[in-house]
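The structure appears below as structure tokens.
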Amino acid sequence: MRCNYMEKVRVRFAPSPTGELHIGGARTALFNWLFARNRGGSLVLRVDDTDRQRSSRQYLDSIIESMRWLGLDWDEGPLVGGPFAPYVQSERLPIYRQEAEKLLQKGMAYPCFCTAEALAEQKEKFRRMGQPPRYTGNCRNLSEMERELQKAEGRSYVLRLLTPGDGETIVDDIIRGRVSFENRYIDDFIIIRSDGLPTYNFTSTVDDHKMEITHVIRAEEHLSNTPRQLLIAGRLGYDTPLYAHVPMILAPDHSKLSKRHGATAVSEYREMGILPEALVNYLALLGWSPGDDREIVDIEEMTRLFSLERVSKNPAIYDLKKLTWINGHYLRELHIDKVTAYAVPFLAKSGLISAEPGADEEKRLQTVIDLVRDRVKNLCEVADACNYFFIDHFPYDEQGIKEHFQKEGAGEVLKEIAAALEEVEPFEVENIKSALKQLSKKMGLKMAQVNLPLRLAVTGRTMGPDLFEIIALLGKEKVTERLYRACERFCS
RNA sequence: GGCCCCGUAGUCUACCGGUUAGGACACCAGGCUUUCAACCUGGAGGAAGGGGUUCGACUCCCCUCGGGGUCACCA
């Protein structure tokens with residue numbers, strides 16, 4: 001193991017473009033990013049696309065898009081290049097071939113001609129006998145002549161690593177401490193498939209070495225694979241990086257997070273109106289703790305405070321409730337310019353505004369969003385909560401209609417309110433408020449008896465932001481118009 | 001099944017041999033208010049079980065139980 005406390009830290013995030021960036025991957029990326037930034041090191045983005053069937057360019061694009069949205073940039077990798085290019089594994093095949101050749105030369109790897117069917121059959125046999133499935137090393141001791149013969153016959157083959165079969169391999173994990181694995185449980189696994197493409201354990205080991213990675217920070221599901229990688233590294237004479245296996249994120253039913261548990265992709269959260277600041281904050285707290293009682297930590301603060309020693313060992317269960325709470329917090333605490341910018345696509349999608357609002361519209365938009373932001377949980381709700389500022393034909397709350405419009409004298413009250421408001425000049429919050437107070441007094445009604453029907457007539461809802469602010473913003477004309485309209489429609 | 005990791009309230013966590021076991025989400029009650037939120041105050045709820053070690057264990061060791069991961073020509 002090399003001593004790397006003096007050298008510059010280099011970490012990597014190596015997603016496989018076989019799906020979108022999910023919550024777990026995003027957190028792994030975040031931890032890598034935080035560690036690199038905290039230590040003034042570099043983050044490498046590497047694309048693990050050796051599964052040619054399932055990998056696609058679209059997924060890569062969406063992963064990149066999600067990382068950008070979260071604010072996680074990388075120093076080397078796709079789009080930015082770097083000294084160890086290429087960063088896409090399917091473009092590094094000659095490198096793996098060369099390393100595999102070295103192993104072959106040293107007799108540390110060998111060709112195996114067993115067919116997939118034969119191996120499956122063998123595995124099934126072991127399973128029936130209640131034994132752990134393993135490769136028995138059929139092709140391990142083939143002579144050079146037999147190998148040549150098989151190849152001459154045109155039989156396809158894979159390359160397997162010659163594993164020691166005894167002794168133990170130690171993973172010195174930063175988060176988990178010393179973990180030892182007995183080598184007798186590790187059989188001769190495949191490093192190059194029959195189509196010539198290398199497997200994950202092999203590419204990962206070769207690239208981590210070639211790219212001079214100092215710390216491998218990844219999900220715990222890779223812990224059991226680490227001794228295999230260490231074995232490869234040992235046979236190739238590589239120094240090995242330090243490892244940190246972060247705990248898994250589990251679904252509420254304690255199983256591995258998957259689509260059936262609802263939203264798992266970062267892009268889905270974006271569409272649900274979650275703010276990137278909130279998702280980053282929530283994800284960071286899932287498995288890492290700043291060491292004190294704070295729950296709201298922005299990314300700069302996290303960067304300052306982050307350390308792998310403070311990452312917990314136990315798996316975390318994913319809980320939307322807390323994310324929702326954090327999102328609400330950022331929604332009302334972030335600068336209004338920022339929230340407005342985030343909200344625009346949502347309002348546009350709902351058909352309330354154009355996708356590129358002009359300066360005047362933008363100003364009004366800010367005022368409106370500022371009014372509704374502290375009573376909603378996400379950007380979709382922002383769009384919904386302020387519809388009446390932009391359209392006249394909004395729906396009315398059914399229950400509200402029954403309670404406030406369809407009872408004796410309701411129409412009269414609405415007309416009185418309209419008449420009173422018509423007199424208000426200038427049409428500003430304080431004036432509106434006192435005019436309505438006077439009216440309620442005159443009619444012998446409680447404030448609520450005036451406000452509730454008024455709110456319903458003007459917004460279609462029984463709840464919402466400060467009524468007087470809404471009225472002032474809407475303007476006299478619209479307000480009185482809506483009052484009369486409600487009267488005609490519901491109070492006949 | 002073998003191997004590996006993990007085990008503080010429903011959930012995320014603090015503590016790293018001596019605390020009335022702290023905070024947050026969620027939950028319940030109250031307050032504030034023109035409504036609903038937000039916000040404030042209060043409340044209920046926790047060391048998986050059993051053995052050790054120790055003057056003293058949530059904390060260290062062992063066993064049991066529980067959860068997860070892995071054992072692919074997926075990553």
Side-chain angles (χ1 to χ4, degrees), chain A residues 14-16 18-19 48-51 53-55 112 114-116 119-120 123 126-127 129-134 156-160 171 173 175-176 179-182 184-187 189-201 203-204 218-228 245 247-248 250 252 254-256 282 285-296 312-326 328-329 332 372-377 385 400 433 436-437 440 446-452 454-456 459 461-468:
Chain A
S16 168
T18 53
D48 260 338
D49 64 343
T50 52
D51 182 345
Q53 270 74 48
R54 296 197 297 145
S55 295
C112 167
C114 299
T115 62
L119 291 171
K123 193 181 296 174
F126 272 117
R127 209 186 53 76
M129 295 191 315
Q131 302 225 325
R134 53 174 300 146
S156 67
Y157 60 94
V158 301
L159 249 38
R160 288 182 184 272
V171 178
D173 193 276
I175 294 169
R176 277 148 222 290
V179 184
S180 72
F181 296 84
E182 288 187 62
R184 65 192 168 101
Y185 296 117
I186 301 172
D187 56 12
F189 56 92
I190 295 170
I191 55 174
I192 303 283
R193 303 179 177 105
S194 52
D195 61 4
L197 289 173
T199 57
Y200 167 74
N201 282 313
T203 57
S204 181
R218 57 174 24 161
E220 198 200 320
E221 59 187 319
H222 295 294
L223 182 56
S224 302
N225 272 318
T226 308
R228 288 172 223 280
H245 287 93
M248 307 274 301
L250 267 27
H254 289 249
S255 67
K256 201 167 169 174
Y282 175 67
L285 256 30
L286 213 56
W288 172 78
S289 150
D292 53 28
D293 285 340
R294 77 186 98 179
E295 305 287 337
I296 299 298
S312 85
K313 295 197 232 293
N314 35 338
I317 289 156
Y318 192 68
D319 175 32
L320 276 324
K321 298 264 181 61
K322 188 146 181 179
L323 206 210
T324 302
W325 173 76
I326 292 178
H329 173 89
R332 72 190 91 86
V372 302
R373 77 204 289 206
D374 57 346
R375 32 188 52 81
V376 293
K377 305 236 176 292
K433 196 171 184 173
L436 290 170
K437 268 188 182 161
S440 69
K446 282 186 208 156
M447 240 350 226
Q449 290 175 288
V450 171
N451 287 342
L452 263 16
L454 172 54
R455 178 184 290 279
L456 184 62
T459 69
R461 297 155 197 263
T462 56
M463 54 192 196
D466 185 281
L467 222 207
F468 314 116

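Chain naming here is simple, since letters A, B, ... match the order of the sequence lines and numbering starts at 1 in each.
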Note to self: Please report the distance, rounded to the nearest Å, between CG in A:Asp187 and C1' in B:A72.
What the structure shows: 11 Å
Note to self: So, using side chain to side chain donor-acceptor pair (under 3.5 Å) as the criterion, who are the partners of A:Asn314 when residues are at least two apart?
What the structure shows: A:Ser312
Notebook entry, point to check: A:Tyr157: what forms a ring-ring contact (aromatic ring centres under 6.0 Å, His included) with it, not counting sequence neighbours?
Noted result: A:Phe113
Notebook entry, point to check: B:A26 and B:G69: how far apart are their C1' atoms, nearest whole angstrom?
Noted result: 29 Å
Note to self: With hydrogens left out and only the distance checked, is there a donor-acceptor pair under 3.5 Å joining A:Asn201's side chain and the base of B:A75?
What the structure shows: no
Note to self: With a 4.0 Å limit, can you tell me whether A:Thr18 has a side-chain N or O closer than that to the phosphate oxygens OP1/OP2 of B:A75?
What the structure shows: no
Notebook entry, point to check: Which residues satisfy the side chain to side chain donor-acceptor pair (under 3.5 Å) test with A:Asp48, sequence neighbours excluded?
Noted result: A:Gln89
Next item on the list: Indicate, with a heavy-atom threshold strictly under 4.0 Å, whether A:Leu467 touches base, sugar-phosphate, or nothing.
Entry: base
Next item on the list: Summarise protein proximity over nucleotides 1-9 of chain B in one line of letters, 5' to 3': B for base, S for sugar-phosphate only, - for none, counting protein heavy atoms closer than 4.0 Å.
Entry: BSSSBSSS-
Next item on the list: Go through the structure and list residues passing side chain to side chain donor-acceptor pair (under 3.5 Å) with A:Arg332, not counting sequence neighbours.
Entry: none
Notebook entry, point to check: Contact class for A:Gly287 (heavy atom, under 4.0 Å): base, sugar-phosphate, or nothing?
Noted result: sugar-phosphate
Notebook entry, point to check: Hey, does A:Tyr282 reach any base, or is it just sugar-phosphate, or nothing, if we go heavy atoms under 4.0 Å?
Noted result: nothing
Notebook entry, point to check: In whole angstrom, what separates A:Asp173's CG from B:G69's P?
Noted result: 18 Å
Next item on the list: With sequence neighbours excluded, tell me which residues meet side chain to side chain contact (heavy atoms under 4.5 Å, CB included) with A:Pro315.
Entry: A:Leu250
Checklist line | Pair of N/O donor and acceptor under 3.5 Å linking B:G23 base with A:Glu295 side chain | finding: yes
Notebook entry, point to check: In chain order, what residues pass the side chain to side chain contact (heavy atoms under 4.5 Å, CB included) check against A:Asn201, with sequence neighbours excluded?
Noted result: A:Phe189, A:Asn225, A:Arg228, A:Gln229, A:Ile232
Notebook entry, point to check: Counting distance only, does the side-chain N/O of A:Tyr282 pair as donor-acceptor with the main-chain N or O of A:Asp319 below 3.5 Å?
Noted result: yes
Note to self: With a cut-off of less than 4.0 Å, is there a side-chain N or O of A:Thr324 near OP1 or OP2 of B:C25?
What the structure shows: no
Note to self: The criterion is side chain to side chain donor-acceptor pair (under 3.5 Å); which residues satisfy it with A:Asp187, sequence neighbours excluded?
What the structure shows: none
Next item on the list: Taking ring-ring contact (aromatic ring centres under 6.0 Å, His included) as the test, write out the residues that go with A:His222, two or more places apart.
Entry: A:Tyr200
Item checked: Non-neighbouring partners of A:Arg176 that pass salt bridge (Lys or Arg N to Asp or Glu O under 4.0 Å), sequence neighbours left out -> A:Glu220
Notebook entry, point to check: Distance from A:Leu467 atom CG to A:Leu454 atom CG, nearest 0.5 Å?
Noted result: 5.0 Å
Produce the list of close N/O pairs, under 3.5 Å, pairing protein atoms with atoms of nucleotides 46-49 of chain B; give distances to one decimal.
none

Kindly give the atom pairs (protein nitrogen or oxygen, nucleotide nitrogen or oxygen) under 3.5 Å for nucleotides 28-31 of chain B.
none

Note to self: In this structure, how many angstroms lie between the C1' atom of B:U35 and the NZ atom of A:Lys446, rounded?
What the structure shows: 14 Å
